[in-house]
There are 2 protein chains.
Amino acid sequence: MVTLRDIASRANVSVMTVSRVIKNSGYVGKETRARIASAIEEMDYRPNEIARSLVNSKTNNIMLIVPDIENMFFSEMVKGTERILREYGFQSIFVDTDGIVQNEKLFSERALSHIVDGLIFYCPRVDGEYLAKICRKIPAIVVDRKVNSEAVDQIYIDNKSGSVRAVDHLIHNGHRKIGLIEGPDNVLANLRRKAGYMTSLHKNGISERVEYIFSANFTFEDGQEACKYFLGLKDPPTAYFATNDLMALGFIQEAQENNVSIPGDFSIIGFDNISISRLISPPLTTVNNPKHRMGALAAYRLLAKLGVSVEIPEYELTNQLVIRGSVRAIP
Amino acid sequence: MVTLRDIASRANVSVMTVSRVIKNSGYVGKETRARIASAIEEMDYRPNEIARSLVNSKTNNIMLIVPDIENMFFSEMVKGTERILREYGFQSIFVDTDGIVQNEKLFSERALSHIVDGLIFYCPRVDGEYLAKICRKIPAIVVDRKVNSEAVDQIYIDNKSGSVRAVDHLIHNGHRKIGLIEGPDNVLANLRRKAGYMTSLHKNGISERVEYIFSANFTFEDGQEACKYFLGLKDPPTAYFATNDLMALGFIQEAQENNVSIPGDFSIIGFDNISISRLISPPLTTVNNPKHRMGALAAYRLLAKLGVSVEIPEYELTNQLVIRGSVRAIP
DNA sequence: TTGTAGGCGTTATCAA
DNA sequence: TTGATAACGCCTACAA
C-alpha cells in the first residue's frame, strides 16, 4: 500500500507537505507541489479514507435499513436517498432485513459501532421504544412510520387521508359493499390505511363487515389468496381496497384467471403507486406515494442533522389518488 | 465517545486486557473479565470498527456498483449478493450509476481509496480495458458482462444460447417474420442476445430484415415506441423478441391500447424473467435469468478472493425458456 | 513555505 | 494472566 510517507520520501519532503497538496489546503511551493503531484501520479497513490475517518471521527457512510430491496416500493425510496447522499459525498451502506424485526435490531446495533455517521430506517417494524432508543444514540431518520416520541425524526405521509380518498372514490362510484385487503398489523402504515377505510365507510353511513376484511402480509400471493377468499363468499363485495399495490395486483391476476372481470365485476384500488401498477391491464387505480421524494427528504434531513449545510426542499408529501382503469361506476 | 481507554480505567486494567475480552481471545482472569464486562455494559461501549479497520487494513465493506436499483433485474441480483455478504460479516456499500458510464469510473475510482475490500460490478458498460485495469488494483467481480481479459473475474450466463432458444420457440410456433427489440449496443448482454436472434434466424433459413430491428434503451417506454414503430410497418412481424422483459412489457401495453391482441395478433418473448413478467396479462413468455444466484455467486467468488473460507456453490447458471402466455402458434 | 510532535482507537508483539 | 510500546495512515497544532 502506498502511503503519504512513501510519497513524501519519493518527493523529498515531509508527510505534512504531501498532506497539504492532497487536501489542497495551506501553502505549498509551486515547484514542490509539482514534484509531489508527479510522485502521487507515478506511485498511483490514493489517500486512505479509513485513516482519515479515524482522525476526523466521521466515516461519510450512512446505513440504510430496508425491509426488502426487491420490493419496488423500497427500491424507489432508496434510489431517492442514495442520489442525494452521494451528491454530498456520502456512501450508502445498505442492509436488507427481509422484513424481520430481529434483523432491524441487529443491524441498527451494528451501526452503533462507528461504521456509519447516521442511519435511515425504511418502514421499520420494531417497536417505537426501541427506535427511540437508537435515535438517541446515533443521528437517524425514520421513513414511512410514525412513532410517538420526539426523539425520533420521522417522515411519513398521511396514510389515513389517502385511504379515505380511495374508499370515498369507490363509494362515489356507487359501491356500498367494499372489501379490505390488508397487510400485517405491526406495520403502522397498514393500520393507518385500514383506519382510513373505516373512516370512509362510517362517514358514508356504511357499517363494516368482518367477513369483508382479509388480513395478510403485503405480498402478491396474498392478493391472490384474498381473491379466492372473496370469491368464496355468498355475497362478495363489488369493490376492494388493498393497502398496497402488490396485493391489488395479485387480486387482479387471480380474478382474471377465474374469468372475473376487473373492473367489470370487481373494482379495486391499491396504495403506493409502484411503477408496475400502471403497466398491468387494467392499469391500477391507486394512491400515489411520493417515494423518491420521501427517500430524498430522508437524506436531506439526515445530512442537516449531521451538520452538512443543505437546504431542505419544501416537498409536499401528499398522496393523490391516481385514477386509472380498475374502478367502474355502478348504478 | 467511549473508548477502550475509558473502559480500562474504569475497570482498573490496561487497554490490552480490555481488548482481549472484547475480542474474546487470549487469557483473561475470570474475575477481571467480569469486571471489564460490567464496565462495558455500564458505559455502553462499542468497539470502533474504523480503528480496527486501520489496524487490520480490512474494512469489511464491499462496493456494489449498480446501474439502476429500481430495475428489478438489478435489485434481485443485489438481494442475492447482500444476503451472502452479510452472512460473512461484510457490509454492502451500494452506488447507483443511473446507467452512466462516467459514474462507473467515478465510483470504482472511489473504491480505490481503501474504503472497501472489494468491488462488484453489475452489468457495467465501461470498456473492458478499464474494467481490467480496476480489477488489477482491487479484488473485483464483474457480473453479467463478458470481458476479454483474464484479469477480470466474471459471472455471466450464455445470453446467446438463451436467445437462440427463444427465437427457435417462435419459429417452432410457425412464425417466420420475427422482429427484434433491442437495447443499447454498449451493453454486451444485449449484443449477445441479438447475436442469438440472428443465429436462430439463419439456421432456420430466415434472413434478417433491417426494418424488423428496433434499437432502443431497455426501458418500458422503449417497448411502447417499438410497438408504435412496428404497427406503422406495411408488413409487420407476427412475432417479436425483446432483449429484456421491460421492453416486452411496454410493447404489450402499447399493443393492447391499440387493440392489438397479444398473443392473438402478435406473439412476443422477453428476456430476464423479472418478477412482474408473470403478473401481467398475458403472462410473458421469457428467458429466465438466475438473478439471485448470479448475485450470490458474485458474493461467494469475491469472498473467496478475499481469503474468506467459503464453499462456492456449484450453481448451474442456465437460462431456461419460461413458457407462459404471450406466444401463439400460427399455421 | 515547510517540518515536528502528538494523537485518533485499536491491535500485535514482546516483556513481565 | 497482564501490561508497555509501537504501529496502522492521516491530521491538527505548533514551530521553524
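These values consider heavy atoms only, across backbone and side chains, with no hydrogens, waters or symmetry-generated copies. Every value quoted in this text rests on a predicted model; they were computed, and no experiment measured them. Here is the naming used below: chain letters follow the sequence lines, and residue numbers restart at 1 for every chain.
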*Between B:Met16 (CE) and C:dC14 (P), how many Å, whole number?*
13 Å
*Between B:Lys58 (NZ) and C:dG9 (P), how many Å, whole number?*
22 Å
_For B:Asp117, run the side chain to side chain contact (heavy atoms under 4.5 Å, CB included) check against B:Lys58, B:Lys305, B:Met63 and tell me which one passes._
B:Lys58
*Any side-chain heavy atom of B:Ile65 within less than 4.5 Å of one from B:Leu119?*
yes
*B:Arg33 CZ to D:dG3 C1': how many Å, rounded?*
16 Å
Give each protein N/O atom lying under 3.5 Å from an N/O atom of nucleotides 6-10 of chain D, with the pair distance.
| residue | atom | partner | partner atom | Å |
| --- | --- | --- | --- | --- |
| D:dC10 | OP1 | A:Tyr45 | OH | 2.5 |
| D:dC10 | OP1 | A:Asn48 | N | 3.0 |
| D:dC10 | OP2 | A:Leu4 | N | 2.6 |

*Measure from CZ on A:Arg20 to P on C:dT4 and round the result to the nearest Å.*
11 Å
*Can you check the A:Leu112 CG to C:dG9 P distance for me, whole Å?*
16 Å
*asked:* Could you check whether B:Glu76 pairs with B:Lys79 (Lys NZ or Arg NE/NH1/NH2 to Asp/Glu carboxylate O, under 4.0 Å)?
replied: no
*asked:* Any salt bridge linking A:Lys291 with A:Asp272? Criterion: basic side-chain nitrogen under 4.0 Å from a carboxylate oxygen.
replied: no
*Quickly work out the B:Asp6 CG to C:dC8 P distance and round it to whole Å.*
11 Å
*Looking at C:dG3, D:dT1, D:dG3, which one has an atom nearest to any side-chain atom of B:Thr32?*
D:dT1
*asked:* Any carboxylate oxygen within less than 4.0 angstrom of a Lys/Arg side-chain nitrogen, looking at A:Arg35 and A:Glu31?
replied: yes
*Side-chain heavy-atom pair B:Gln91, B:Thr59 within 4.5 angstrom cut-off*: no
